[in-house]
Amino acid sequence: MERIHAYIMFSDIKGFSKLNEEQLEVFAEKVWMDSLKVFDEFRHKIDVFNTWGDAIFMVFNTSDVIHAIVKYRNYFRQTDFEKFGLPHLSV
């Protein structure tokens with residue numbers, strides 16, 4: 001039996017469930033796709049990528065998952081969500 005090393009990432013956005021319908025539309029149009037772009041450079045290292053609502057589940061084949069997680073977290077730390085009419089969101 002071959003041993004496989006996998007690194008799992010799961011993320012959920014704190015505050016997402018409190019967004020109203022208008023804010024959800026803005027989130028989908030302005031934030032969601034932008035936030036996922038941070039994973040573009042890691043695409044060849046991701047074996048599984050799935051989303052459920054605001055949650056992300058990924059399986060990486062290298063420990064580069066750590067760099068991806070930090071980049072994703074920094075996106076939320078550095079984005080001014082108020083300019084989109086949204087409250088502060090974090091992961």
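Side chains are part of it too, since the values below use all heavy atoms of this structure and drop only hydrogens, waters and symmetry mates. It should be emphasised that the depicted structure is a prediction, and the values quoted were computed from it without experimental measurement.
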Worked check of side-chain contact (heavy atoms from CB on, under 4.5 Å) between L86 and V26: CA-CA 8 Å; L86 300 172; V26 171; 4.2 Å; yes
Which atom of H44 lies closest to which atom of E41, heavy atoms considered: CE1-O, 3.5 Å
In one Ile/Leu/Val/Met/Phe/Trp/Tyr side-chain cluster, 4.5 Å: I4, F60: no
Chi angles and distances behind the side-chain contact (heavy atoms from CB on, under 4.5 Å) call for V59, F49: CA-CA 7 Å; V59 178; F49 180 91; over 6 Å; no
ILVMFWY network linking V65 to L36, side-chain heavy atoms under 4.5 angstrom: yes
Separation of D40 CG from K71 NZ (nearest 0.5 Å): 8.5 Å
Spatial distance of atom OH (Y7) from atom OG (S63) [nearest 0.5 Å]: 5.0 Å
ILVMFWY cluster, M33 and F16 together (side-chain gap under 4.5 Å): yes
T51 side chain near F57 side chain, heavy-atom distance below 4.5 Å: no
Euclidean distance, K30 NZ relative to E25 CD, rounded to 0.5 Å: 11.5 Å
Rounded distance [0.5 Å steps], CE in M58 versus CG in N50: 10.0 Å
S11 to Y72 - nearest heavy-atom pair and separation: OG-CE2, 3.3 Å
Residues K37 and D34 bridged, charged N to O under 4.0 Å: yes
Aromatic plane relationship, F81 with H88 - under 30° parallel, 30 to 60° tilted, over 60° perpendicular: perpendicular
Same apolar cluster (I L V M F W Y, side chains within < 4.5 Å links), V38/I66: yes
Where S35 and Y75 come nearest, the two heavy atoms and their spacing: CB-CE2, 3.4 Å
Student check: side-chain heavy atoms of H67 and F42 closer than 4.5 Å: yes
Test item: D54 side-chain N/O and D12 main-chain N/O as donor-acceptor pair under 3.5 Å: no
E22 to N20 - nearest heavy-atom pair and separation: N-OD1, 3.1 Å
I56 and F10: CA distance, side-chain angles, deciding distance, side-chain contact (heavy atoms from CB on, under 4.5 Å) verdict: CA-CA 6 Å; I56 298 173; F10 178 82; over 6 Å; no
Gap separating the CG atom of L24 from the CG atom of L19, nearest 0.5 angstrom: 5.0 Å
Q23, K18, E82 screened by side-chain contact (heavy atoms from CB on, under 4.5 Å) with P87, the one that passes: Q23
Nearest-0.5 Å distance, CE of residue M9 to CD1 of residue I69: 5.5 Å
T79 (side chain) donor-acceptor with F76 (main chain) under 3.5 angstrom: no
Path from F84 to V91 over hydrophobic side-chain contacts below 4.5 Å: yes
